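In this text, all values refer to a predicted model and were calculated from it rather than measured experimentally. In what follows, every chain begins at residue 1, and chains take the letters A, B, ... in the order their sequences are listed.
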Number of protein chains: 2
Amino acid sequence: MPRTSPARDRLLATAAQIFYREGIHAVGVDRLVTEAGVTRATFYKHFPSKDDLVRAYVELEDAALRRLFADGAAQADDPSELLGVVIDGVALDVEHHHTRGCPFINAAAEFPDPEHPVRVAVRAHRDWFEATLVGAAEAAGVDDPAGVGRSLVLLRDAALVGSYLDGPAVAVPSFRSTARRLAGLGS
Amino acid sequence: MPRTSPARDRLLATAAQIFYREGIHAVGVDRLVTEAGVTRATFYKHFPSKDDLVRAYVELEDAALRRLFADGAAQADDPSELLGVVIDGVALDVEHHHTRGCPFINAAAEFPDPEHPVRVAVRAHRDWFEATLVGAAEAAGVDDPAGVGRSLVLLRDAALVGSYLDGPAVAVPSFRSTARRLAGLGS
DNA sequence: ACACGATCAGAATGATCGTTCTACCTTCAG
DNA sequence: CTGAAGGTAGAACGATCATTCTGATCGTGT
């Protein structure tokens, strides 16, 4: 059971797409293995249960967002511009990539138990995201960086959900203007 | 098949609680009927399928919120105070009643097809809510009432989701201060 | 008294769920 | 040469899924 392998990678990547687009409890193991071109035996060689695959999916999404954020931070030389870069990045991501809502919120909706590994992974992601935004707000030198960071977390949630349910055309501009005003940036 | 009956009411009320607390695809018909003290035959007498019960659940939640809002509006004599009453009402609801997130967002997470009756019901609710908030913003005489109304929709989403995933202690004050500033009210 | 409509009781449908199993094939290191 | 490791193929497990069925029981209005 190697940590990585072509079959495992293919399975996880396929599962990530299907879970995000169609939900988690709604798709069965049969669907996942046939779509990924993998055998059931191979599935259970790499993941002890379906829940472990779900947790791996959430952690994959978390890793992708951390990478995206690191890339964005690297391209903002002036720390006072960092918040603006983050806001633009979220807007872009919401419009073109995450059009089916927030993968973490959607996953949490299907797992009521806060102690479930999936929920633990969601909480880890949110803790990182809040800490990162508070750090960016501090670097930008705004008043009450903790409050601004928290509010930006809420606003990203709202942007992802609103874009899914009301369409990006109405949700994204609203997110953008509210977030920029909060960050002390001119619109 | 009467529009209402003790058995039907009991079934719908029970289903609403269980769907909200545990999700929709995760709970089966067996669970619903035993918990409600109703027979499978009675279930299918009143609802052609489980999906119809889910739609009824979403519509029930919508009706409850419209009633809550109407009550709140009635107790605000001065229209300039209406937005503040709404914000307080949302904060109270999020803290004490809707502690498992937004029923509409959670339901939408489990139904990817935008044409599905459940999604149609969700959209109807959100359209009503936005129109109502824009109306309240107009009555309060704020600048750009459409923008303020939209933003308040986003903020309620964020408050419900944030309260579920991060806890009300951190999400509610953040919602409150952001919303009040947006509505042009002193904090 | 009677019939009807609502509900109860419980078995049965076929499909799909997550999981386990046996059996065979390939690759590569000892 | 051998044998472990990673994979494929496909059957099989019991459990649960949503849905349908037969048949009896109760209450109410006529």
Side-chain angles (χ1 to χ4, degrees), chain A residues 1-58 106-107 109-113 116-119 121, chain B residues 1-58 106-107 109-113 116-119 121:
Chain A
M1 49 286 205
R3 282 191 58 87
T4 184
S5 86
R8 197 196 122 105
D9 294 349
R10 208 174 346 130
L11 176 56
L12 181 51
T14 307
Q17 286 190 57
I18 302 184
F19 282 154
Y20 181 61
R21 284 205 300 247
E22 308 185 21
I24 294 170
H25 290 330
V27 334
V29 172
D30 268 27
R31 174 86 187 289
L32 294 171
V33 296
T34 56
E35 205 96 11
V38 162
T39 308
R40 263 197 274 295
T42 305
F43 179 107
Y44 284 97
K45 278 249 186 327
H46 288 288
F47 300 96
S49 74
K50 186 192 171 188
D51 274 17
D52 288 87
L53 176 61
V54 177
R55 181 172 50 83
Y57 150 61
V58 171
N106 290 356
E110 297 202 51
F111 291 86
D113 177 11
H116 191 286
V118 168
R119 288 288 302 278
Chain B
M1 51 284 200
R3 281 190 57 88
T4 183
S5 86
R8 197 195 122 105
D9 294 348
R10 208 175 345 131
L11 176 57
L12 181 52
T14 307
Q17 286 190 58
I18 302 185
F19 282 154
Y20 181 62
R21 283 205 300 248
E22 308 185 20
I24 294 168
H25 290 330
V27 333
V29 173
D30 267 27
R31 173 85 187 289
L32 294 171
V33 297
T34 57
E35 205 94 11
V38 162
T39 309
R40 265 195 276 294
T42 306
F43 180 109
Y44 285 98
K45 277 248 184 330
H46 287 288
F47 300 95
S49 75
K50 186 192 170 187
D51 274 18
D52 288 270
L53 175 62
V54 177
R55 182 172 49 83
Y57 150 60
V58 171
N106 290 356
E110 297 203 50
F111 291 86
D113 178 10
H116 191 286
V118 168
R119 289 288 301 279

Any chance you could measure A:Glu22, atom CD, to A:Gln17, atom CD, to the nearest 0.5 Å?
10.5 Å
Looking at NE2 of B:His46 and CG of B:Leu11, how far apart are the two atoms once the value is rounded to the nearest 0.5 Å?
8.0 Å
Any side-chain heavy atom of B:Val118 sitting closer than 4.5 Å to one from B:Asp51?
no
Backbone N/O of A:Thr42 and side chain of A:Thr39: donor-acceptor pair under 3.5 Å
no
Protein heavy-atom contacts under 4.0 Å, written 5' to 3' over nucleotides 9-30 of chain D as B (base), S (sugar-phosphate only) or - (none), form the string B-B-----SSBBB---------
Please report the closest heavy-atom contact between A:Arg119 and A:Phe111, naming both atoms and the distance.
NH1-O, 3.0 Å
Check whether any side-chain nitrogen or oxygen of A:Thr42 sits under 4.0 Å from OP1 or OP2 of D:dG6, and answer yes or no.
no
For A:Arg40, which of A:Thr34, A:Leu32, A:Val33 qualifies under side-chain contact (heavy atoms from CB on, under 4.5 Å)?
A:Val33
How many whole angstroms separate atom NZ of B:Lys45 from atom P of C:dC8?
11 Å
Output for pair (A:Phe43 CZ, A:Lys50 NZ), nearest 0.5 Å, gives 8.0 Å
State whether the side chain of A:Arg10 and the backbone N or O of A:Gly37 hold a donor-acceptor pair below 3.5 Å, judged by distance alone.
yes
Once pairs are restricted to Watson-Crick or G-U wobble with both distances under 3.5 Å, how does DNA chain C read as a dot-bracket string, [ ] for crossings and | for other-strand pairs?
||||||||||||.||||.||||||||||||
